[in-house]
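Accompanying notes for the structure given below.
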There are 4 protein chains.
Amino acid sequence: MVRSEKTRQLIIEKTASIFNKKGYTGTYLSDLTNATGLTKGSIYGNFKDKNEVALEAFKFNYKFQTRQIIDKIEKEDNSVNKLITFLNHYKTSFKPIFKNGGCAILNTAVDTDDGNELLKKEVVKTIHNWHKKIVSILIEGVNKNELKEIDIDLFSYRMIAIIEGSILLAKTLNKPEILLNNIEHLETEIIQLKQK
Amino acid sequence: MVRSEKTRQLIIEKTASIFNKKGYTGTYLSDLTNATGLTKGSIYGNFKDKNEVALEAFKFNYKFQTRQIIDKIEKEDNSVNKLITFLNHYKTSFKPIFKNGGCAILNTAVDTDDGNELLKKEVVKTIHNWHKKIVSILIEGVNKNELKEIDIDLFSYRMIAIIEGSILLAKTLNKPEILLNNIEHLETEIIQLKQK
Amino acid sequence: MVRSEKTRQLIIEKTASIFNKKGYTGTYLSDLTNATGLTKGSIYGNFKDKNEVALEAFKFNYKFQTRQIIDKIEKEDNSVNKLITFLNHYKTSFKPIFKNGGCAILNTAVDTDDGNELLKKEVVKTIHNWHKKIVSILIEGVNKNELKEIDIDLFSYRMIAIIEGSILLAKTLNKPEILLNNIEHLETEIIQLKQK
Amino acid sequence: MVRSEKTRQLIIEKTASIFNKKGYTGTYLSDLTNATGLTKGSIYGNFKDKNEVALEAFKFNYKFQTRQIIDKIEKEDNSVNKLITFLNHYKTSFKPIFKNGGCAILNTAVDTDDGNELLKKEVVKTIHNWHKKIVSILIEGVNKNELKEIDIDLFSYRMIAIIEGSILLAKTLNKPEILLNNIEHLETEIIQLKQK
DNA sequence: GATGAATGAGACTTCATTCAT
DNA sequence: AATGAATGAAGTCTCATTCAT
């Protein structure tokens, strides 16, 4: 990694959770300099503007949540276990997720709903990728007769909706059990979809 | 209504959707004056500060969503129909809700997650009220043998989570069918809970 | 007193010490409404503008300090006793004077030194009157052979300077004894001027 | 001097007399930008807020009055000449002092009497230092038998009171001779204190 | 590549004053 | 006479961004 690339990474890593907590408009350049120990000039030497930092911070936050989970899923050899593994992630990792400000997709989708087209597009792309991943597991399950026939599109979007809605409620009301319970309910549904 | 109360109402009505779309930090005094045609001095003559306008705007947005639905529910005489009526609201009213900037609870919960304690408290209070309303219908249903025995707390939070998560997805991806489908799935679940 | 004149008096009485404490610029219309319980419109119904209230408040503050003292002086039949009586006033009344914000002449002279010509002129006029009063006592004393020959103009201005400077120091340092000591020194000087 | 320190100095030097003339509340940010040719942002880049500028401006105004005089005093080798030199300063320098808005201590003491604790404390500290300086000269004089025994505390506070009161009168009435005459009277008193 | 002083637009807020009621 | 809602100018301060060094 060249010198400047290192600084870019430093800025992204140190500011990602701030953007996730305070939002794009609510995060100030001064937050970025405070968090990094760098000067404004240095931020602008490494990024075009605040928006570019926000964009990279969002990508980082998303990866932060996804990287490990993808690895774990790939190790499983059947679709049901993959889905269970995926859901299990939210049960074991809700603490660091909450500490990081909650789900980056949820936060950024709401934050960019008005204006900030670039960031909004990235969020949409990210949701699509997430959805595609779940769909591909479900297709694999149905094709290999591990799962009963279901409406894959409907089921996958319902999964995502429950997860996001549960994170919102659990975080806002400070009741993690809402997330845990709803995830467990989803797991039960999946077990019932299993072909005997 | 006295003159001052009229102006307060005007300000709230004209700015509520702006706050819902742009968030608290993202809505500027200039947005308020532009939307109302009033001067800054007039805004401050009628409200303590921007925060108070935001608070009232949130309440207004919530009522905007709730008033009609409560009325409709009260007309139903059994718990199942009440729940169906409640869910039906989201199927018939998603267009004005989306036009208004989406679900005020969702938006404001995310927006106020950092800072703005007053507004955050109001959001939490509002979710609690919403939850209590659903719980009371479910209790009524179980007591009158209209519904099978279920874990009421779990079911009610799961309903709210699905609705919120679905609004987020449907609005962000511009796919209202996600909301419609997930609502229909909930309706199916409720029908299955019916005592024969 | 007609009705409006009563309200004018009320405004003046209730706000005089505020102007004395906070100065012309530092006293806000809201201070005036708070102190009087009246509305802004009512203040403007009784006075041309804030400046006119300030002017009357200054006159009131000055009278507040002067009325009693003049009365006491007039009762004395020789110049030395008149001067002693005059000086004695500051020893016995420094508490209410300080509570009222200090010497109105001192405060207003400093406050109006830049801008506010009307008020400044009133202060100058007031000092002149004060000075004239002292001069007239001194002339009477010399004419009646109660006092040695002195430079009356010099002595009178020195008296005023010591009093004002002492009030400033005593109030700022919160050491009333500075005022008391300096007044006593002046009294000693006057006793020494007595013709035997 | 680094660039930032230069700008700070520029702001202080260019605005000190404005603060002295118009007071803390009466001096606006626009006065500061007009006087310096800088932008508001630049003022705030160099100072925490207006209060900090006012504080430094006061210190500057005080030094403006004091620096030269201290130097002159130190060159004298006996206490009487030190006192005479000190008093002489007001006779020779009243013009620039008046042009600068008068005595900074007097003006700021009155201005900050209500509110602005930081600035008020600085004024009190400054008066204490001034008083201590005079006291130390008087003690030296008594110890070295240059001066008769006197109550040093009383005499020193009387000196300061006369000077401040005289500046107030001379400036307000536009009669510098009041200051000159009262200073000369003080000089006479000091000469009479001389040990023969 | 980094600095940080300076910018200038615009943020929130408060002021004295007016005027329809 | 009194009200108090509305004004509009001006207040203090902060923002993202630029640029000479």
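Reminder, nothing fancy here: chain letters follow the sequence lines and each chain counts from 1.
- Note: CG (B:L32) to P (E:dT13) measures 10 Å, nearest angstrom.
- Rounded to whole angstrom, the span from the CG atom of B:N34 across to the C1' atom of E:dG10 amounts to 13 Å.
- Rounded to an integer number of Å, the gap from B:I11 CD1 to F:dA6 P is 7 Å.
- Under the 4.5 Å side-chain criterion, counting only non-hydrogen atoms from C-beta, A:Y62 is not in contact with A:T108.
- Nearer to the 5' terminus of DNA chain E, by closest-nucleotide assignment, is the contact made by D:I43 (compared with the other of B:D49 and D:I43).
- For the pairing with B:Y44, the side chain to side chain contact (heavy atoms under 4.5 Å, CB included) check across B:V53, B:D49, B:T39 returns one residue only, B:D49.
- Remark: A:D113 does not engage B:K21 in a salt bridge, criterion side-chain N to carboxylate O under 4.0 Å.
- Between the NZ atom of A:K22 and the C1' atom of F:dC15 there is a distance of 13 Å, given to the nearest Å.
- Of the residues near DNA chain E, C:K48 and B:Y24, the one whose nearest nucleotide (by heavy atom distance) lies more toward the 5' end is B:Y24.
- Within the nucleic acid shown, A:G45 has no heavy atom closer than 4.0 Å to any nucleic acid atom.
- Across all strands shown, E:dA20 forms a Watson-Crick or G-U wobble pair, both distances under 3.5 Å, with F:dT3.
- Rounded to whole angstrom, the span from the NZ atom of D:K6 across to the P atom of E:dG4 amounts to 17 Å.
- Closest to the side chain of A:L38, out of E:dA16, F:dT17, E:dT3, is E:dT3.
- One atom, CG of D:D31, and another, P of F:dA10, lie 12 Å apart when rounded to the nearest Å.
- Taking the side chain of D:K50 as heavy atoms from C-beta on, and the options F:dT12, E:dC12, F:dG4, the nearest nucleotide is F:dT12.
- Residue D:S30 has its side chain nearest to F:dG11 when only F:dG11, F:dT7, E:dT17 are considered.
- Note on A:R8 versus A:E13: no salt bridge recorded, every NZ/NE/NH1/NH2 to OD/OE distance being 4.0 Å or above.
- OP1 or OP2 of F:dA2 sits under 4.0 Å from a side-chain N or O of C:N46.
- For the pair B:T39 and D:T27, both in contact range of DNA chain F, the more 5′-proximal nearest nucleotide belongs to B:T39.
- Residues D:L168 and C:A109 approach most closely at CD1-CB, 3.9 Å, considering heavy atoms.
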For C:K120 and C:E117, what are the C-alpha separation, side-chain angles and deciding distance, and is it a salt bridge (Lys or Arg N to Asp or Glu O under 4.0 Å)? CA-CA 5 Å; C:K120 164 114 196 207; C:E117 281 306 314; over 6 Å; no
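- The side chain of D:Y28 has F:dT12 as its nearest neighbour among E:dT7, F:dT12, F:dA2.
- Listed candidates were E:dT7, E:dA16, E:dA11. Nearest to the side chain of C:Y44 is E:dA16.
- Applying the Watson-Crick and G-U wobble criteria (two distances, each under 3.5 Å), F:dC13 pairs with E:dG10.
- In this structure, the NZ atom of D:K40 is 8 Å from the C1' atom of F:dA10, given to the nearest Å.
- The side chain of C:L29 approaches E:dT17 more closely than any other nucleotide in the set F:dT7, E:dT17, F:dG11.
- Of the candidates F:dT7, E:dT3, F:dT3, the closest approach to any side-chain atom of C:S42 belongs to F:dT3.
- Comparing E:dT14, F:dC13, E:dA6 by their closest approach to the side chain of D:T7 singles out E:dA6.
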